[in-house]
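All heavy atoms count here, side chains included; hydrogens, waters and symmetry mates do not. In what follows, residues are counted from 1 in the order of the sequence shown.
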Amino acid sequence: PAILYGRIWQYQKTGIAAQRVNMEGNVFMEQWNEYLEALASKEPTPGGGSAAAVYGAIGTALGEMVGNLTSGKKKFAIYEEDVQKILARLGGARMDFIRLEKADEQAFQPLSEVYRMKAEEKEERMEECLKAAAKVPMEVMERAVSVMDDIEFLALHGSRLAVSDAGVGIQGIRSALLGAVMSVYINTKMMKDREYAEEMNSQAELLIRKGTEQADRIYGIVLKAVRG
């Protein structure tokens with residue numbers, strides 16, 4: 001958000017145009033702060049699952065930034081076709097993360113209602129809601145891992161002026177992965193269907209191993225590039 005806000009000011013003009021840019025920037029920050037205020041509140045949603053999806057969206061957007069700063073440059077013409085495909089994939093992933101942020105809140109709502117039910121009414125409905133609530137963060141994890149190849153390509157072959165943004169981006173995506181797994185585990189822990197729960201846990205563990213290894217490798221690539 002601070003980067004976007006900074007870009008709004010970067011293109012500001014004088015007079016009326018400057019006032020409009022200022023207003024747009026303020027509105028953006030007010031909207032973003034509304035989300036943060038809700039996140040900080042004692043309300044059950046949005047929570048960690050929602051935040052994990054937001055991390056993914058921000059990290060992916062930074063990957064797009066690197067792609068957009070690479071595209072059309074003569075120096076990187078050999079990669080133009082690859083970069084265009086990457087931009088299309090990352091744009092789709094960013095929209096998926098935004099969808100999943102809302103889906104996480106929606107999946108938790110029925111579960112929070114079940115907690116208030118009488119014990120005899122709770123069991124069957126609880127299991128159904130736990131499975132639904134675990135499914136969304138699992139999708140966040142899958143989506144996080146799915147974009148890492150593209151971020152790695154950009155870290156290696158994208159604009160050197162924006163390579164640091166690839167590093168920040170991959171950390172956001174890594175946070176999405178490791179944050180979302182918390183929501184998977186807290187739900188699978190309470191499931192009566194242990195076979196289903198352990199299957200989900202195993203899938204999550206595989207994603208964590210693959211994703212953290214790749215994310216750390218990408219971050220190492222970026223560190224080497226920025227430090228020289």
Side-chain angles (χ1 to χ4, degrees), residues 1-8 11 24-25 27-39 45-72 79-109 132-155 157-159 162 165-184 203-204 207-208 210-211 214-215 218:
I3 291 173
L4 292 175
Y5 187 66
R7 284 183 183 166
I8 289 170
Y11 296 112
E24 288 173 352
V27 168
F28 176 84
M29 292 308 294
E30 285 170 11
Q31 291 172 339
W32 180 233
N33 193 52
E34 283 178 16
Y35 174 77
L36 294 178
E37 290 285 354
L39 196 64
T45 60
S50 164
V54 171
Y55 288 145
I58 292 172
T60 302
L62 282 167
E64 290 178 84
M65 177 185 176
V66 181
N68 281 315
L69 288 170
T70 304
S71 178
Y79 303 121
E80 183 66 24
E81 185 177 349
D82 291 315
V83 169
Q84 289 303 318
K85 290 177 180 177
I86 286 170
L87 284 170
R89 287 194 293 267
L90 292 180
R94 174 165 48 86
M95 296 309 296
D96 281 343
F97 281 122
I98 291 170
R99 172 182 59 80
L100 289 164
E101 185 278 323
K102 189 63 178 176
D104 184 82
E105 292 187 44
Q106 292 170 338
F108 186 80
Q109 190 59 40
K135 184 178 178 181
V136 176
M138 182 66 79
E139 193 174 345
V140 171
M141 295 179 71
E142 291 168 346
R143 210 65 183 98
V145 172
S146 79
V147 301
M148 289 187 182
D149 284 347
D150 288 336
I151 302 296
E152 184 162 9
F153 183 95
L154 292 168
H157 306 298
S159 170
D165 297 290
V168 178
I170 196 59
Q171 289 297 85
I173 292 161
R174 190 182 194 275
S175 294
L177 175 67
L178 294 178
V181 78
M182 300 291 103
S183 295
V184 173
Q203 184 181 352
L207 289 167
I208 290 295
K210 181 179 187 300
Q214 186 169 12
I218 296 166

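- A155 approaches I218 most closely through the heavy-atom pair CB-CG2, 4.1 Å.
- Judged by distance alone, with hydrogens and angles left aside, the side-chain atoms of S71 form no donor-acceptor pair with the main-chain N or O of G67 at under 3.5 Å.
- To the nearest 0.5 Å, atom OG1 of residue T60 and atom CD1 of residue I98 are 9.5 Å apart.
- Taking 4.0 Å as the cut-off between side-chain N and carboxylate O, K135 and E139 do not count as a salt-bridged pair.
- Environment of CZ in F97: crowded, with over 12 heavy atoms of neighbouring residues, nucleotides or ligands closer than 6.0 Å.
- Closest heavy-atom contact between L39 and P46: CD1-O, 3.6 Å.
- Under the 4.0 Å criterion applied to side-chain N and carboxylate O atoms, R99 and D96 are assigned as salt-bridge partners.
- Of the inter-residue distances, the one linking M138 atom CE with L207 atom CG reads 6.5 Å to the nearest 0.5 angstrom.
- Closest non-hydrogen pair, L154 versus G63, comes out as CD1-O, 3.2 Å.
- Smallest separation of non-hydrogen atoms from A134 and V184: O-CG2, 3.9 Å.
- Note: K210 NZ to L177 CG = 10.0 Å, rounded to the nearest 0.5 Å.
- Put simply, the side chain of T70 gets close to the backbone of S159: a donor and an acceptor are under 3.5 Å apart.
- Nearest heavy-atom pair, A61 versus R94, reported as atom, atom and distance to 0.1 Å: CB-CD, 3.8 Å.
- Considering CG of L178 and CE of M141, their distance stands at 7.5 Å, rounded to 0.5 Å.
- A distance of 11.5 Å separates CD1 of I208 from CD of Q203, quoted to the nearest 0.5 Å.
- Taking all atoms of both residues into account, the shortest heavy-atom contact from V140 to A180 is CG1-CB, 3.8 Å.
- To the nearest 0.5 Å, atoms CD1 (I173) and CG (L90) are separated by 7.5 Å.
- In this structure, I170 and Q214 have side chains that are not in contact, with every pair of non-hydrogen atoms separated by 4.5 Å or more.
- Between E101 and Y35 the shortest side-chain heavy-atom distance falls below 4.5 Å.
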